[in-house]
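One structure is given here, and the rest of the page talks about it.
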Amino acid sequence: MAGASSPASLRASRDRQLGKETIHSDLFKNPRVPFAFALILADAILVGLIIAYVPYTKIDWDAYMSQVSGFLGGERDYGNLKGDTGPLVYPAGFLYLYSAVQNFTGGQVYPAQILFGVLYIVNLGIVLFIYVKTDVVPWWALCLLCLSKRIHSIFVLRLFNDCFAMTLLHSSMALFLYHKWHLGMLVFSGAVSIKMNVLLYAPPLLLLLLKAMNIIGVVSALAGAALVQILVGLPFLITYPVSYIANAFDLGRVFIHFWSVNFKFVPERVFVSKEFAVCLLIAHLCLLAVFANYKWCKHESGIIGFMRSRHFFLTLPSSLSRILTKEHIVTTMFVGNFIGIVCARSLHYQFYSWYFYSLPYLLWRTPFPTWLRLILFLGIELCWNVYPSTPASSGLLLCLHFLILVGLWLAPSDDPYQLKEDPKSQIHKKHK
């Protein structure tokens with residue numbers, strides 16, 4: 001009959017209506033999404049006001065522009081790319097990125113501040129997406145991500161390259177949540193090409209790759225990441241390879257004691273010594289090993305048990321695939337990076353961006369009461385806003401970091417896997 005709806009179309013229309021009602025119901029019951037959008041809007045207004053009314057502080061911008069100008073002028077010897085703060089010490093991705101920034105802004109500070117303001121909001125949106133998807137932090141605590149005076153300053157008043165590196169890092173984590181491991185590794189490698197601090201995430205990420213894929217998948221993902229580094233550095237690797245590797249990937253740099261926010265209570269002669277650096281490295285590796293064995297691989301009977309399991313070598317059966325939970329992915333990466341922060345010899349003020357966005361998540365992963373979580377958060381923010389840092393503020397920061405680490409150790413370890421039955425197997429069972 002003309003105009004009459006078929007039973008199939010009626011069912012489809014009913015399903016669509018039910019789907020819309022479910023979405024509206026979920027939003028009403030879980031205010032995270034609308035609250036996150038409200039935070040983005042409010043912070044965008046705040047960023048605009050900061051750019052308009054708070055004076056810019058000159059630190060590294062002129063040096064960045066000098067180094068970029070040398071590169072654009074044809075210089076390929078990394079040892080000759082210098083600014084007023086010294087030689088270039090970042091991988092080549094930094095040069096390409098800031099060449100584009102210079103072209104877009106004309107090297108002027110004000111348009112660059114607007115660009116970094118947009119970057120701040122984009123990064124905040126990505127981080128809020130991760131928090132909403134993991135469902136660890138209560139909705140009201142998401143506002144903590146917008147309350148840091150130091151982070152706003154790092155982005156729109158200082159224009160540091162850390163901002164781009166961390167935005168790409170958070171983007172890669174968002175991809176990992178959906179098990180886009182190969183694409184995520186390409187983005188992760190892009191972040192490393194801007195600043196090497198992103199490598200603090202590498203040990204826990206390697207463990208996640210081994211859990212998520214067979215060995216062939218892991219090798220191909222790592223090869224893709226390595227290829228990005230080769231392609232990015234190619235103009236320098238084929239001209240002055242030693243100079244490029246020595247300057248862009250210098251793991252033995254000694255930072256100035258005065259500018260460090262942590263370990264300021266350590267005498268300078270000890271602070272700059274190789275022995276102190278080695279002790280911190282050993283502590284870093286030991287903490288990673290202990291957390292990997294007793295926390296991240298607890299459900300696989302430790303690292304040895306995990307390595308012996310067939311999942312390390314083979315593809316899982318097609319009828320039953322075990323995939324990592326979003327919470328396990330984010331927890332492992334954030335905790336692994338935080339261990340690196342705790343054991344870092346020197347943390348300059350811009351380095352706060354390396355882990356600030358993980359703090360609410362880490363705090364709500366501890367068994368501490370809410371009032372203590374908030375005190376720890378505010379205490380860390382206070383330490384990062386003491387300028388110049390003092391032995392007292394530095395000592396307090398270390399104590400707060402250590403307390404969070406203890407809390408993470410005491411927290412229960414959730415099952416890292418969720419079972420997801422293969423659709424073909426479901427169809428087979430349905431027709432049985």
Side-chain angles (χ1 to χ4, degrees), residues 37 39-75 81-129 145-172 174 187 190-195 197-198 232 235 248 348-354 356-357 384-385 387:
F37 278 110
L39 287 175
I40 291 172
L41 178 60
D43 216 350
I45 295 171
L46 177 60
V47 166
L49 292 173
I50 292 172
I51 294 172
Y53 295 106
V54 181
Y56 160 78
T57 305
K58 173 183 158 183
I59 298 182
D60 282 347
W61 176 257
D62 289 345
Y64 291 170
M65 293 299 99
S66 296
Q67 292 158 353
V68 163
S69 296
F71 165 66
L72 295 176
E75 182 59 67
L81 293 173
K82 299 178 180 179
D84 54 15
T85 58
L88 178 59
V89 292
Y90 309 122
F94 162 85
L95 286 173
Y96 305 138
L97 175 64
Y98 273 83
S99 295
V101 171
Q102 187 187 70
N103 183 62
F104 180 76
T105 64
Q108 300 301 307
V109 168
Y110 183 69
Q113 285 184 279
I114 296 174
L115 175 64
F116 273 77
V118 173
L119 179 68
Y120 173 92
I121 296 302
V122 169
N123 178 64
L124 177 63
I126 295 168
V127 172
L128 285 169
F129 174 81
L145 296 166
C146 306
L147 297 181
S148 174
K149 175 185 175 183
R150 179 61 63 186
I151 291 298
H152 283 93
S153 172
I154 289 169
F155 270 82
V156 298
L157 299 179
R158 305 295 191 274
L159 315 180
F160 288 119
N161 60 329
D162 306 71
C163 307
F164 282 102
M166 295 314 298
T167 301
L168 285 179
L169 180 277
H170 294 141
S171 301
S172 72
V187 177
V192 173
S193 77
I194 297 171
K195 193 157 187 175
N197 71 282
V198 178
V232 166
H348 287 189
Y349 285 96
Q350 66 266 34
F351 298 179
Y352 190 27
S353 63
W354 296 2
F356 165 77
Y357 287 103
W384 280 96
N385 281 281
Y387 177 82

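How far OG1 of T167 is from CD1 of I121: 11.0 Å, rounded to the nearest 0.5 Å. Taken from CE in M166 to CD in Q350, the straight-line distance is 13.0 Å, to the nearest 0.5 Å. In this structure, OH in Y90 is found 4.5 Å from CG in N161, a value given to the nearest 0.5 Å. Here the CG atom belonging to L46 is positioned 11.5 Å from the CG atom belonging to L39, to the nearest 0.5 angstrom. Distance check, rounded to the nearest 0.5 Å: OG of S193 to CG of L168 gives 7.5 Å. Here CD of Q102 is found 9.0 Å from OG of S66. Values are rounded to the nearest 0.5 Å.
Between L72 and S99, the shortest heavy-atom distance links the atoms CD2-OG, 3.7 Å. The shortest heavy-atom contact between R158 and R150 is NH2-NH1, 4.2 Å. Considering all non-hydrogen atoms of both residues, S171 and I126 come closest at OG-CD1, 3.2 Å. Across all non-hydrogen atoms, the minimal contact from A63 to D84 is CB-OD1, 3.4 Å. Smallest separation of non-hydrogen atoms from L81 and Q67: CD2-O, 3.7 Å. The shortest non-hydrogen separation linking C163 to L119 is CB-CD2, 3.8 Å.
Side-chain atoms of S153 and Y352, non-hydrogen and from C-beta on, never get closer than 4.5 Å to each other. Residues V101 and V68 have side chains not in contact (no heavy-atom distance under 4.5 Å, counting atoms from C-beta outward). Considering only heavy atoms from C-beta on, M65 stays 4.5 Å or farther from D62 through its side chain. Put simply, the side chain of C146 reaches to within 4.5 Å of the side chain of L124, judged on heavy atoms. Taking 4.5 Å as the limit, some side-chain heavy atom of N123 sits within range of a side-chain heavy atom of F155. Proximity of V109 to K58: side-chain heavy atoms (C-beta onward) are nowhere separated by under 4.5 Å. The shortest distance between side-chain heavy atoms of H170 and Y357 falls below 4.5 Å. Taking 4.5 Å as the limit, every side-chain heavy atom of V54 sits out of range of all side-chain heavy atoms of H152.
Note: Y349 and Y387 meet the aromatic proximity criterion, with ring centroids under 6.0 Å apart. Checked against the 6.0 Å centroid criterion, the rings of Y56 and Y110 do not qualify as a close aromatic pair.
Of the possible polar contacts, none joining the W61 side chain to the Q108 backbone as a donor-acceptor pair under 3.5 Å is found. Proximity of a side-chain donor or acceptor of Q113 to a complementary backbone N or O of V156 within less than 3.5 Å is detected.
For D43, the salt bridge (Lys or Arg N to Asp or Glu O under 4.0 Å) criterion is met by no residue, not counting sequence neighbours.
Under the ring pair (Phe, Tyr, Trp, His ring centres under 6.0 Å) rule, F164 has a single partner from F94, Y120, F116, which is F116.
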